[in-house]
Amino acid sequence: MSAPAQPPMAWKYCGDQIKRWREQAGVTREQLSQAANYDIESVRSMEAGRRKPSLKLLATADELCNARGMLLGAQDFLKPEKFPSYSQGYTQAEREAIAIHWYEGLLIPGLLQTEAYARELISHSCPPLDDETVEARVAARIQRQEKLKNSPTVLFSFVIYEAALRAIVGDAGLMRRQLHHILEVDGLRNVSIQVLPIDRAAYAGLSGPLVLLEGPDHDQLAYVEAQDTGALYSDANKISTLTQRYGMIRMQALGADESVAFIRRMAGEL
C-alpha cells in the first residue's frame with residue numbers, strides 16, 4: 001500500500017511560524033482562537049501544519065502578535081499548486097516547445113478544452129479538491145491555451161480517439177459547445193486536428209495517450225500520463241518508440257477535412 005499523502009511543507013512551516021510568533025508575543029492559543037473565531041482544535045491543527053493555515057488566522061495572528069505583515073505575507077506561499085506535482089515538468093516543457101504532437105484516447109486534450117469542460121472534469125476529481133484548488137487549476141489550464149493563438153510559429157497536431165469525443169462530460173449541451181470549440185481551434189493555421197474512429201483496428205492507440213514535444217534547441221521529449229502519475233522522457237529509445245506509435249496512429253486517423261466533417265456531424269447529433 002502507498003503511504004498517505006503528507007501535508008505540504010508550506011503548511012507546516014507557516015503553522016510553525018504562527019506558533020513561534022504567538023509564543024514570543026505571549027498570546028495563548030485560546031486567545032488566538034477566540035480572536036479568529038475558530039475552535040482551539042482548528043488552530044492547533046493549523047499550527048501543526050495538518051490543516052492549511054487560513055488567511056483569517058494569518059491576519060488575526062499578525063495583528064495580535066504585532067508581526068507587521070511577516071505572517072500575513074505567507075499567504076502567497078499557501079496558494080494551491082496550479083498543476084499536479086507529476087505534471088509540472090511537462091507543463092514547463094510545453095511552455096517552451098516549438099512543436100507539440102498529442103494523441104488522446106479518452107478525454108479532449110487539455111489545450112483544446114473549453115473552460116466548462118475543464119471545470120467539469122477538475123471539479124469532479126476523486127478524491128475531491130477544495131474550491132480554491134479547482135479554481136486555480138481551471139485557470140491554469142485555460143491559460144496554457146494562450147500558446148495556441150499567441151505562438152503562430154509553434155506547430156500543433158492533435159489526434160483524438162472517437163471515444164473521447166463521444167464520452168459525455170457534463171451534458172449534451174456542454175459537449176456540443178466543446179465540439180464546436182475544437183472546430184474553431186482547427187481553423188488556426190498552425191493547428192491540425194484529426195479523429196481516429198473506433199471502427200479502425202488502431203492497436204497503437206489502445207495503449208494510452210502520449211505527447212511528443214520539440215524544444216527550442218530541437219531537443220525531443222515525450223510525455224505519458226495515467227491515473228495520478230505522469231512521466232517525461234528524454235531517452236532516445238523511448239522517444240523513438242512513442243514517435244513510431246504516434247506516426248502509426250496519425251496514419252490510421254481520418255484526414256483533416258474528413259475529421260472536420262466527422263466532428264461537425266457528431267455535434268449535430270447532440
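The residues E115 and R141 are annotated as not salt-bridged, no charged nitrogen and carboxylate oxygen being separated by less than 4.0 angstrom. Remark: R29 engages E47 in a salt bridge, criterion side-chain N to carboxylate O under 4.0 Å. Comment: E41 engages R44 in a salt bridge, judged by a side-chain N to carboxylate O separation of less than 4.0 angstrom.
Taking each heavy atom of P53 and M46 in turn, the nearest pair found is CA-SD, 3.5 Å. For D62 against L71, the heavy-atom pair with the smallest separation is OD2-N, 3.0 Å.
Side-chain N or O atoms of K19 include none that pairs as donor or acceptor with a backbone N or O of A48 at under 3.5 Å. Judged by distance alone, the side chain of S87 and the main-chain N or O of Y90 form no donor-acceptor pair under 3.5 Å.
Enclosure of atom CG in N150 by more than 12 non-hydrogen atoms of other residues, nucleotides or ligands within 6.0 angstrom is indicated.
The side-chain heavy atoms of Q113 and L121, taken from C-beta on, include a pair separated by under 4.5 Å. In this structure the side chain of S259 never reaches within 4.5 angstrom of the side chain of I160, judged on heavy atoms. Side chains of Q92 and R95 form a contact here, defined as non-hydrogen atoms less than 4.5 Å apart.
Side-chain contact of T60 with Y38: a donor-acceptor pair under 3.5 Å is absent, judged by distance alone. Between R144 and T91, the side chains place no donor N or O within less than 3.5 Å of an acceptor N or O (distance only, hydrogens not considered). A donor and an acceptor atom, one from each side chain of H180 and E184, are nowhere located under 3.5 Å apart.
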